[in-house]
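Here is the structure we will look at, set down as structure tokens.
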Protein chains: 2
Amino acid sequence: MEKDLFGICPYTTAQRVLSGKWSIIILYHLGKKTMRFGELQRQLPDLTQSTLTKQLRALEENGLIERKIYPQVPPKVEYSLSDIGIKFKKVLAELAIWGNEYIETLKDKNC
Amino acid sequence: MEKDLFGICPYTTAQRVLSGKWSIIILYHLGKKTMRFGELQRQLPDLTQSTLTKQLRALEENGLIERKIYPQVPPKVEYSLSDIGIKFKKVLAELAIWGNEYIETLKDKNC
DNA sequence: ATACATAGTATCTAAATAAATACTGTCGGG
DNA sequence: CCCGACAGTATTTATTTAGATACTATGTAT
């Protein structure tokens, strides 16, 4: 992990972690419970396996999630939120409130 | 504005608005006060004028900000948060708290 | 021996995003 | 008549991100 500069603005930092198409929903699902790869994939039918793998690796790199490998066959790998990932749930909660309000405004404009 | 589907998950919706490299910081700055284009650009020296224009247009399309043109010469254009943009400030507040905690964890791992 | 389940990798292509750079229009001041 | 201020546009290029598709490993069950 070769993360760079300190003293970075918290907003810039957050943006870096959240950009992309799937980070928020993945964090939301893992926030509900620890899940295996396959289970998570079933929650998210719109991304392919390789994309999901990449997203998970990125979140792991950034320290938001943890990956626990059980030495079994067939493989078992569990994904869960890290400590800082758990703290992110507060953001998710506000995001959910806001997202719903936003959806309402779209309906009002019926577009 | 041809935004599509309703009944969308609030997380997916939020993600769509936040993806990209600059949305959060721009919203943060406009949350402090209404600003003219040039003033905003001086706050954000890391993006070029054309990139800033595109980001602002995207946020406007998504209904998060408003753009007020004063018919003057030289031109004066003010950007501000819309109603739903103002509501986003609650998310920003949580994001700031989390972002700072996240930066702390990076320091602990000194990377 | 063969098939199945799980969690991947490896490549390649496509799409989306951002950056670089140069150009535009108009009014007032010098 | 030219310059500067402001807020852009236009075009091209580069970078980043995601998607499609095919392939892998291994132990158990049939």
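Letters go in sequence order (proteins before strands), and every chain restarts at 1.
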Notebook entry, point to check: Closer to the 5' end of DNA chain C via nearest nucleotide, is it A:Phe37 or A:Val73?
Noted result: A:Val73

Check: Closer to the 5' end of DNA chain C via nearest nucleotide, is it B:Leu47 or A:Gly38?
Finding: A:Gly38

Specify the separation, in whole Å, of atom [atom1] of [X] and atom [atom2] of [N].
X	N	atom1	atom2	answer
A:Arg42	C:dA7	CZ	C1'	12 Å
A:Glu78	C:dG8	CD	P	12 Å
A:Trp22	D:dG19	CH2	P	6 Å
A:Leu18	C:dT17	CG	P	15 Å
B:Gln72	C:dG28	CD	P	12 Å
B:Leu52	C:dA18	CG	C1'	12 Å
B:Ile69	D:dT9	CD1	C1'	14 Å
A:Lys54	D:dT16	NZ	P	14 Å

So, OP1 or OP2 of [N]: does either fall under 4.0 Å of a side-chain N or O from [X]?
X	N	answer
A:Arg36	C:dA7	yes
A:Tyr79	C:dT6	no
A:Lys76	C:dA5	no
B:Thr48	C:dA20	no
A:Gln41	C:dA7	no
A:Arg67	C:dG8	yes

Notebook entry, point to check: Would a hydrophobic clustering, with Ile, Leu, Val, Met, Phe, Trp and Tyr connected at side-chain separations under 4.5 Å, put A:Leu30 with A:Tyr70?
Noted result: no

Notebook entry, point to check: Do B:Ile97 and B:Leu95 share a hydrophobic cluster, counting only Ile, Leu, Val, Met, Phe, Trp and Tyr and linking them when any side-chain heavy atoms are less than 4.5 Å apart?
Noted result: no

Next item on the list: Confirm from the modelled atom types if B:Ser50 and C:dA20 form a donor-acceptor pair under 3.5 Å, side chain to base only.
Entry: yes

Item checked: Any donor-acceptor pair under 3.5 Å from B:Glu78 side chain to B:Arg67 backbone -> no

Check: How is A:Tyr70 classified with respect to the nucleic acid when contacts are heavy atoms under 4.0 Å: base, sugar-phosphate, or nothing?
Finding: nothing

Next item on the list: Identify whether any heavy atom of A:Gln49 sits under 4.0 Å from a base atom; if not, whether one sits that close to sugar-phosphate; answer base, sugar-phosphate or nothing.
Entry: base

Item checked: Given C:dT6, C:dG8, D:dC6, the nucleotide with the shortest approach to the side chain of A:Arg57 -> C:dG8

Item checked: Stepwise side chain to side chain donor-acceptor pair (under 3.5 Å) test for A:Thr51 and A:Thr48 -> CA-CA 5 Å; A:Thr51 300; A:Thr48 63; 3.0 Å; yes

Checklist line | Salt bridge flag under 4.0 Å for residues A:Glu39 and A:Lys33 | finding: yes

